[in-house]
Amino acid sequence: MLPGNYGVLLATFNTDGVLDYDLYTKEIEHCLTTGLTGLMISGSTGEFPYISTQDNQNLLKIAKDKVGDKKELIAGISGTREIQVLDNIRNATELGYTLAMACPPYYYPQNDAAVYDFYSYIVEALPPTMQLVLYNIPFCAPSISLEVFKKLLKYDSIVGIKDSSGNMIYFERLIASAKRFRPDFSVYTGQDTTVLPSIITGAAGVISSGTWMLDTWERMIIQEVNSGNIEKAQELQHWITDILYMLDDIPFPENYRALARCLDIDCGVPQRQFSCLKGDAFSDWTHKTKAILSRYIKSQ
């Protein structure tokens, strides 16, 4: 798995709740103009719980046809049951994907043993051409504990983890464990607010929804760290954090669609009815967010 930043694409629904494939293609075309290392299809902001297996396959195909070998692609394969995850893996493999990401099955609570059993079952069923990326997102699915993570490192076909917990103590321990037991293993942050501390700690990069919209500046953070200019990296991180504070006013994942709109990128319409996305409240939010964005984007 390549180091760098991976953008998690947004699902592009129309007003009838149907995926707009033309709009999805335009989103991909925008991402191809960025310096991203790769793209993640059908992740959390890809709203995979809302889409069918066939829709997921269609999105994977569109991305593969459009991107080709220009950027590395990760197929989102998460599901509530192993059989669903294996179906998604089969579809992704047939389309030529070699990387797939899955969180533990969500909704029902699970202990460490259940999380380990899930991943060990999936990885032992992987086609030889497919590699797996773990996904720790504890506000949506059972956590991947450090104990489970260490046990899973024995599988060579598990090549990375995206951690969206925002817990830097946990994140540092992931990296320390990987360096000790699997130096080839890649650890990525899933939080745009922790790009700087994650990179300093040793992260391979970022896998997030915000990174394809703020790619230039998140890559600049990494470049400034590598150049030893920590003060400049801090300035960039604080600016991005200010933007993310604004996103806290809108429920996830609609907040990222709203951010895209502030950047004049059309990613479809919300699938939930939130008052904060309507009328004067949303107009005021948009005005404030654009003001924060303009502090840095206009200066480039």
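Please read these numbers as outputs of a predicted model, since none were measured by experiment.
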Can any side-chain N or O of Ser120 pair as donor or acceptor with the backbone N or O of Asp117 at less than 3.5 Å? yes
Indicate yes or no for a side-chain donor-acceptor contact from Glu218 to the backbone of Leu214 under 3.5 Å, with no hydrogens or angles considered. no
Would you mind telling me which of Ile200, Thr193, Ile199 makes a side chain to side chain contact (heavy atoms under 4.5 Å, CB included) with Leu196? Ile200
Is there a path of hydrophobic side-chain contacts, each under 4.5 Å between heavy atoms of I, L, V, M, F, W or Y residues, that connects Leu134 with Leu99? no
Tell me whether Glu124 at atom CD has more than 12 heavy atoms from other residues, nucleotides or ligands lying less than 6.0 Å away. yes
CG-NZ distance between Asp20 and Lys26, expressed to the nearest 0.5 angstrom: 8.0 Å
State whether the side chain of Thr194 and the backbone N or O of Pro197 hold a donor-acceptor pair below 3.5 Å, judged by distance alone. no
Apply ring pair (Phe, Tyr, Trp, His ring centres under 6.0 Å) to the pair Tyr106 and Phe48, showing each step before the final yes or no. CA-CA 12 Å; Tyr106 47 93; Phe48 65 87; 5.8 Å; yes
Does Lys150 qualify as a cation-pi partner of Phe181, given the criterion of NZ or CZ under 6.0 Å from the six-membered ring centre and within 45 degrees of its axis? no
Chi angles and distances behind the salt bridge (Lys or Arg N to Asp or Glu O under 4.0 Å) call for Arg272, Glu254: CA-CA 8 Å; Arg272 298 282 309 281; Glu254 293 302 341; over 6 Å; no
Residue pair Leu9 / Cys31, side-chain heavy-atom distance below 4.5 Å: yes
Do Ile240 and Phe252 sit in one hydrophobic cluster, given that two such residues count as connected whenever their side-chain heavy atoms are within less than 4.5 Å of each other, even indirectly? yes
Could you go step by step and tell me if Gln84 and Asn88 meet the side-chain hydrogen bond (donor to acceptor under 3.5 Å, both in side chains) rule? CA-CA 6 Å; Gln84 182 183 1; Asn88 289 335; 5.7 Å; no
With heavy-atom distances below 4.5 Å as the criterion, would you say the side chains of Val159 and Ser186 are in contact? no
What pairs of residues pass the side-chain hydrogen bond (donor to acceptor under 3.5 Å, both in side chains) test when at least one of them lies in residues 239-251, not counting sequence neighbours? Gln237-Thr241, Asp242-Arg295
Modelled atom types, side-chain donor and acceptor of Ser42 and Asn56, under 3.5 Å: yes
N/O donor-acceptor pair under 3.5 Å between Asp16 side chain and Val18 backbone: no
Say you draw a straight line from CD of Gln57 to CD1 of Ile51; how long is it, rounded to the nearest 0.5 Å? 11.5 Å
In the structure I gave you, are the side-chain heavy atoms of Thr189 and Asp163 within less than 4.5 Å of one another anywhere? no
When you measure from the side chain of Tyr119 to the backbone N and O of Ala102, does any donor-acceptor pair fall under 3.5 Å? yes
Pairwise distance CG(Leu73) to CG(Leu39) - rounded to 0.5 angstrom: 6.0 Å
So do the side chains of Lys278 and Asp280 get within less than 4.5 Å of each other, counting heavy atoms only? no
Hydrophobic clusters here meaning ILVMFWY residues chained together by side-chain heavy-atom distances under 4.5 Å, can you tell me if Phe139 and Leu247 are in one? no
Are there over 12 heavy-atom neighbours, none belonging to Lys64, within less than 6.0 Å of that residue's NZ? yes
Backbone of Ile158 reached by a side-chain donor or acceptor of Arg182 within 3.5 Å: yes
Quick one: do Leu146 and Tyr188 end up in the same hydrophobic cluster if we chain Ile, Leu, Val, Met, Phe, Trp and Tyr together by side-chain heavy atoms under 4.5 Å apart? no
Might you work through the side-chain hydrogen bond (donor to acceptor under 3.5 Å, both in side chains) test for Asp192 and Ser208, ending with a clear yes or no? CA-CA 7 Å; Asp192 299 289; Ser208 78; 2.7 Å; yes
For Leu36, does its backbone N or O pair with a side-chain atom of Lys71 as donor and acceptor, under 3.5 Å? yes
Any Leu259 side-chain heavy atom under 4.5 Å of Ile265 side chain: no
Taking C-beta and beyond as the side chain, do Met1 and Gln131 meet within less than 4.5 Å on heavy atoms? no
Return yes if some donor-acceptor pair links the side-chain N/O of Thr25 with the main-chain N/O of Tyr21 below 3.5 Å, else return no. yes
Between Ser227 and Asn229, do the side chains contain a donor N or O and an acceptor N or O under 3.5 Å apart? no
Verdict with supporting geometry, Arg257 and Glu47, salt bridge (Lys or Arg N to Asp or Glu O under 4.0 Å): CA-CA 11 Å; Arg257 199 188 321 275; Glu47 298 176 272; 2.6 Å; yes
Spell out, as yes or no, whether a donor-acceptor pair under 3.5 Å connects the side chain of Asn136 to the backbone of Ile144. yes
Hey, does the side chain of Glu72 reach the backbone of Leu2 with a donor-acceptor pair shorter than 3.5 angstrom? yes
Should Leu263 and Met220 be regarded as members of a common hydrophobic cluster, given that ILVMFWY residues are connected when their side-chain heavy atoms come within less than 4.5 Å of each other, either directly or indirectly? yes
Sub-4.5 Å side-chain heavy-atom contact between Leu132 and Ser157: no
Do the rings of Trp285 and Phe282 sit parallel, tilted or perpendicular, given the 30° and 60° boundaries? parallel
For the residue pair Lys151 and Tyr116, would you count it as a cation-pi contact if the rule is NZ or CZ under 6.0 angstrom from the ring centre and within 45 degrees of the ring axis? yes
